[in-house]
Amino acid sequence: MSSLKSEHQALHVPPLEEVAAVLQTGLKKYFAEASVTVVQCPDLTKEPYSLGAAGLCGSPRLADVGGVPYLMPNIQRDKLYDVKTLAKMVDLPQSFVLGAGAGPHDYIGVNSELMADVVTGTKCRNGSYTAKINATNKCELQKLPDDQTRCALMLNMFASEGHGGKVLRVWAKKRTGDTNLVSCLRQTLEDHYGDKPVGLGGIFRLVEGSAKCHVMPDFSPVPLTCNDDVNKWLHFFDFPAPMVFMSTLVSKDPGMDLRTEHSHGYGKDYGGHYHFDTTPDNVEYEAYYNLAEYMYRIDRPNATHQVGRN
Ligand SMILES: [Zn+2]
């Protein structure tokens, strides 16, 4: 694993209060009601989050590991990563990692979506879930055990020391635009900060409404070469609230071949990759994000493409 190539860049880190003001103004273009404030992070180990560490603070950083080119056009089954190793590679061996990626197919038995929630280091704890398509074509949620901290193909992760502290609270209700929550946040940051990349990581909750999500079935027997192929291969669902999503975004790709938005989440017994809510009139979101200081790019594919990045 240590032979994986890695590069990193510092991200632009404006004051939290400034980002809150920028995001609040931007979100009001897309939602009837919206507020973005700087607050003390709620204890994320408590309900309704039940995650591995209390907060999103202390050396916050993002990493984009692998990528869709390892899934398509042709699957590369040997692309397996361990979050514990990835934490070391982002120079934070004792960290709280949240993220969206693909589950360890050799353990699950098939390809799957991963909702990563891992505390690495001496107090290792794994609260991650996977969502797969089972033999009856249904979505099946599965909790991973503490000793199964691997993922496959790709992972967009946010790592921090997991401490409490000041974070952004995003609240939005009744969508009036045609863009999903994460794209609203990302686009607003790009509009304001231009070429300076600003990165966020954290969680959002779908409090009311429902969301269109996909779950990857097992690997395609034929190469997937365009978005049409991908959309026919994926299984799409309309999942009801409440759901918790692990979420990362970066306003602009500073030439690192990044996936600029990626969010995976789960509800009671279902989960998957977030596309958008399907209930604009009664949707409600609550999110907590922190600004990332660095972006790491690990095991960047040599041959890249833009298929399947939505
Ligand atoms: Zn995904």
Side-chain angles (χ1 to χ4, degrees), residues 62-73 75-76 79-81 83 86 97-105 108 110-118 128-133 139-142 144 150-158 179-183 185-186 199-206 211-220 224 226-227 229-239 243-250 253 257-267 270-278 287 289 297-301 304-310:
L62 290 166
D64 190 323
V65 183
V68 178
Y70 295 151
L71 172 67
M72 57 188 73
I75 176 67
Q76 296 188 39
K79 290 296 179 185
L80 288 157
Y81 312 98
V83 174
L86 297 173
V97 174
L98 294 172
H105 51 84
I108 301 293
V110 289
N111 188 22
S112 64
E113 305 289 336
L114 174 70
M115 285 64 79
D117 162 20
V118 183
S128 304
Y129 284 85
T130 59
K132 69 174 180 185
I133 300 299
C139 171
E140 190 174 314
L141 192 70
Q142 183 175 343
L144 290 175
R150 293 177 311 141
C151 61
L153 308 171
M154 67 192 89
L155 178 67
N156 291 91
M157 60 181 248
F158 173 79
T179 309
N180 79 32
L181 174 74
V182 180
S183 299
L185 298 172
R186 196 203 60 72
L200 296 181
I203 57 114
F204 70 85
R205 277 199 311 138
L206 182 73
K212 179 177 172 176
C213 296
H214 79 230
V215 177
M216 295 187 290
D218 203 8
F219 301 122
S220 172
L224 301 169
C226 62
N227 280 325
D229 285 354
V230 176
N231 290 330
K232 281 180 196 147
W233 171 70
L234 290 170
H235 289 232
F236 289 95
F237 298 90
D238 198 19
F239 290 140
M243 293 182 77
V244 178
F245 290 85
M246 326 293 151
S247 180
T248 68
L249 66 104
V250 61
D253 181 354
D257 191 24
L258 302 176
R259 186 166 194 156
T260 55
E261 302 172 14
H262 206 179
S263 307
H264 285 185
Y266 54 86
Y270 46 83
H273 171 115
Y274 171 73
H275 284 271
F276 49 83
D277 64 81
T278 54
Y289 283 102
R297 187 71 176 100
I298 297 170
D299 200 27
R300 176 178 176 169
T304 194
H305 56 67
Q306 296 300 317
V307 177
R309 290 206 191 191
N310 289 335

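All residue numbers in this chain count up from 1 along the given sequence. Both ligands and their constituent atoms are indexed starting at 1 by order of listing. Side-chain atoms are counted along with the backbone in the values below, which use heavy atoms only and exclude waters and symmetry mates.
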> Does H214 bring an N, O or S atom to within less than 2.8 Å of the Zn ion (ligand 1)?
Replying inline: no

> Taking atom types as modelled and ignoring hydrogens, do the side chains of D64 and N156 form a donor-acceptor contact shorter than 3.5 angstrom?
Replying inline: yes

> Ignoring hydrogens and geometry, is there a side-chain-to-backbone donor-acceptor pair from N180 to H275 under 3.5 Å?
Replying inline: yes

> What N, O or S atom of H273 is found closest to the Zn ion (ligand 1)?
Replying inline: ND1

> Hey, does the side chain of S128 reach the backbone of D117 with a donor-acceptor pair shorter than 3.5 angstrom?
Replying inline: yes

> Which single N/O/S atom of H264 lies at minimum distance from the Zn ion (ligand 1)?
Replying inline: NE2

>> What I'd like to find out is whether the side chain of K79 reaches to under 4.5 Å of the side chain of M154, using heavy atoms alone.
In response: no

